Amino acid sequence: MLLEGKRGLIVGIANKRSLAWGIAKSVAREGAQLAVTYQGERLERNVRKLADELEQPPLILPCDVTSDEELDQVAEAVREGFGHLDFMVHAVAFALREELDGRFVDTSREGYRIAQDISSYSLTALSRRIAPLMPAADAGGGSIVSLTYLGGERVVPSYNVMGVAKAALEMSVRYLAADLGPQGIRVNAISAGPVKTLASSGVHGISRMLEHHRAHAPLRKNTEQDEVGDAAAFLVSPLARGITGEVVYVDGGYHLLGTTLEAR
Ligand code: NAP
């Protein structure tokens, strides 16, 4: 198994549709032992129930990424429970619902701040805390993977402030890769095609986006949770040991298109 003996932290499971849950299933299948987090009591029961499906019982920890105290506690609990950490998956995003409709130009100061804090800064805040738990370069180093979307590079209707947060997230991946590379820590992102989840349901017109993707992506299908999970398992594994600072597309090739006119 690709990740036998490896220990990983997965942040961002809300329910069984979450991309983070797809990733948890893929890396657990490859032998990884996990710590998973939940945001607030509302999601604790979901996450505990899903965790029961994993062969090796995971550490289950509360983590609201806007709280420095909770981030410190997660790092400490992982250090106590595991001693070290081989990889982390960051699959967290949030924007106020009213910012994911209408025009970007109407974004409020508070809406902008919240989207950046939760969806982008949290990767840096978490990475700083867990990097010291990762093995040295000559002992295999570590790997960090985040989740992004094409709306961070190109204008996608209604994605608005989240697109700007994803642009910041993708640039954070590059700066973190440069900072942490000398320690043997790789930092990459997966740019996933649209998948119906709790977070994506907040984007106005998501059902039409899914339809459009299915009709026009070179692979003529929607992105599936397990495709993202398997790509993440590759990125956190030794097979990807030469890859850092990259955005890897798992979108059936949709990002290649210059136009969707006359797709057959
Ligand atoms: P999801 O299941 O709703 O996951 C988003 C997670 O972020 C939830 O667990 C959510 O918890 C959590 N979160 C929000 N605010 C948080 C906070 N303050 N502290 C800690 N966690 C917080 O949706 P998903 O689609 O799988 O999203 C995972 C990642 O994939 C996101 O970065 C998203 O942008 C990215 N992505 C998704 C798609 C897609 O189409 N689904 C495509 C490309 C990229 P709450 O439910 O409590 O808010």
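Given the structure is predicted, the values throughout are model-derived calculations rather than measurements. Numbering of ligands and ligand atoms starts at 1, following listing order.
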Visitor: How far apart are the closest heavy atoms of Trp21 and Ala51, and which atoms are they?
Guide: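 Between these two residues, the closest heavy atoms are CH2-N, 4.5 Å.
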
Visitor: Provide the number and element of each atom of ligand 1 under 4.0 Å from a heavy atom of Gly193.
Guide: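 Those atoms are 40 (O), 42 (C).
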
Visitor: With a 4.0 Å cut-off on heavy atoms, is Lys166 in contact with ligand 1?
Guide: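 Right, Lys166 reaches ligand 1.
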
Visitor: Just wondering, more than 12 heavy atoms not from Arg241 lying within 6.0 Å of its CZ?
Guide: no

Visitor: Can a donor-acceptor pair be found between the side chains of Asp230 and Ser26 at a distance below 3.5 Å?
Guide: yes

Visitor: Between Asn188 (side chain only) and Gly245 (backbone N and O only), is there a donor and an acceptor less than 3.5 Å apart?
Guide: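 Checked: pair present.
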
Visitor: Can you tell which part of Val11 has a heavy atom less than 4.0 Å from ligand 1: side chain, backbone, both or neither?
Guide: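 For Val11, there is no contact with ligand 1 at all, from either part.
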
Visitor: Determine whether the side chain, the backbone, both or neither of Thr197 has a heavy atom under 4.0 Å from any heavy atom of ligand 1.
Guide: side chain

Visitor: Can you figure out which of Gln39, Gln225, Lys16, Glu70 has its heavy atom closest to atom 48 (O) of ligand 1?
Guide: Gln39

Visitor: Show which atoms of ligand 1 fall inside a sub-4.0 Å distance from at least one heavy-atom site of Leu19.
Guide: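 So the atoms of ligand 1 that pass are 26 (O), 30 (O), 36 (N), 37 (C), 38 (C).
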
Visitor: Kindly check if the number of other-residue, nucleotide or ligand heavy atoms within 6.0 Å of CZ (Arg29) is above 12?
Guide: yes

Visitor: What closest approach, in Å, do Val164 and Gln116 show between heavy atoms, and which atom pair accounts for it?
Guide: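 Minimum heavy-atom separation between Val164 and Gln116: O-NE2, 3.5 Å.
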
Visitor: Determine whether the side chain, the backbone, both or neither of Arg42 has a heavy atom under 4.0 Å from any heavy atom of ligand 1.
Guide: side chain

Visitor: Could you tell me whether Val195 and ligand 1 have an N or O pair separated by under 3.5 Å?
Guide: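 Checking ligand 1 against Val195, an N or O pair does fall under 3.5 Å apart.
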
Visitor: Looking only at heavy atoms of Ser122, does any of them come nearer than 4.0 Å to an atom of ligand 1?
Guide: no

Visitor: Would you say Met162 contacts ligand 1, with heavy atoms under 4.0 Å as the rule?
Guide: no

Visitor: Side chains of Tyr159 and His204: any donor to acceptor distance under 3.5 Å?
Guide: no

Visitor: So if I count the atoms of ligand 1 from 1 in the order they appear, which ones are less than 4.0 Å from some heavy atom of Thr148?
Guide: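 Listed by number with element, the hits are 43 (C), 44 (C).
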
Visitor: Give the atoms of ligand 1, by number and element, whose distance to some non-hydrogen atom of Leu198 is under 4.0 Å.
Guide: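 Heavy-atom distances to Leu198 below 4.0 Å select 3 (O), 46 (O).
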
Visitor: Going by heavy-atom distance to atom 18 (N) of ligand 1, choose the closest among Asp117, Ile23, Asp64.
Guide: Asp64

Visitor: Counting heavy atoms not belonging to Arg128, are there more than 12 under 6.0 Å from its CZ?
Guide: yes

Visitor: More than 12 non-hydrogen atoms from neighbouring residues, nucleotides or ligands closer than 6.0 Å to NZ on Lys221, yes or no?
Guide: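 Result for NZ/Lys221: enclosed.
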
Visitor: Quick one: which ligand 1 atoms are inside 4.0 Å of a heavy atom on Ser18?
Guide: 1 (P), 2 (O), 26 (O)

Visitor: Looking only at distances, please establish whether an N/O atom of ligand 1 is found under 3.5 Å from an N/O atom of Ala199.
Guide: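 Between Ala199 and ligand 1 (N or O atoms, distance only) the closest approach is under 3.5 Å.
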
Visitor: Please state which part of Ser146 comes within less than 4.0 Å of ligand 1, counting heavy atoms only: side chain, backbone, both or neither.
Guide: neither

Visitor: Please state whether Gly40 comes within less than 4.0 angstrom of ligand 1, counting heavy atoms only.
Guide: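 No; Gly40 lies far enough from ligand 1 that no heavy-atom distance drops under 4.0 Å.
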
Visitor: Looking only at atom types and distance, does a side-chain atom of Thr197 sit under 3.5 Å from a main-chain N or O of Arg17, one as donor and one as acceptor?
Guide: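 No, because the side chain of Thr197 does not come within donor-acceptor range (under 3.5 Å) of the backbone of Arg17.
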
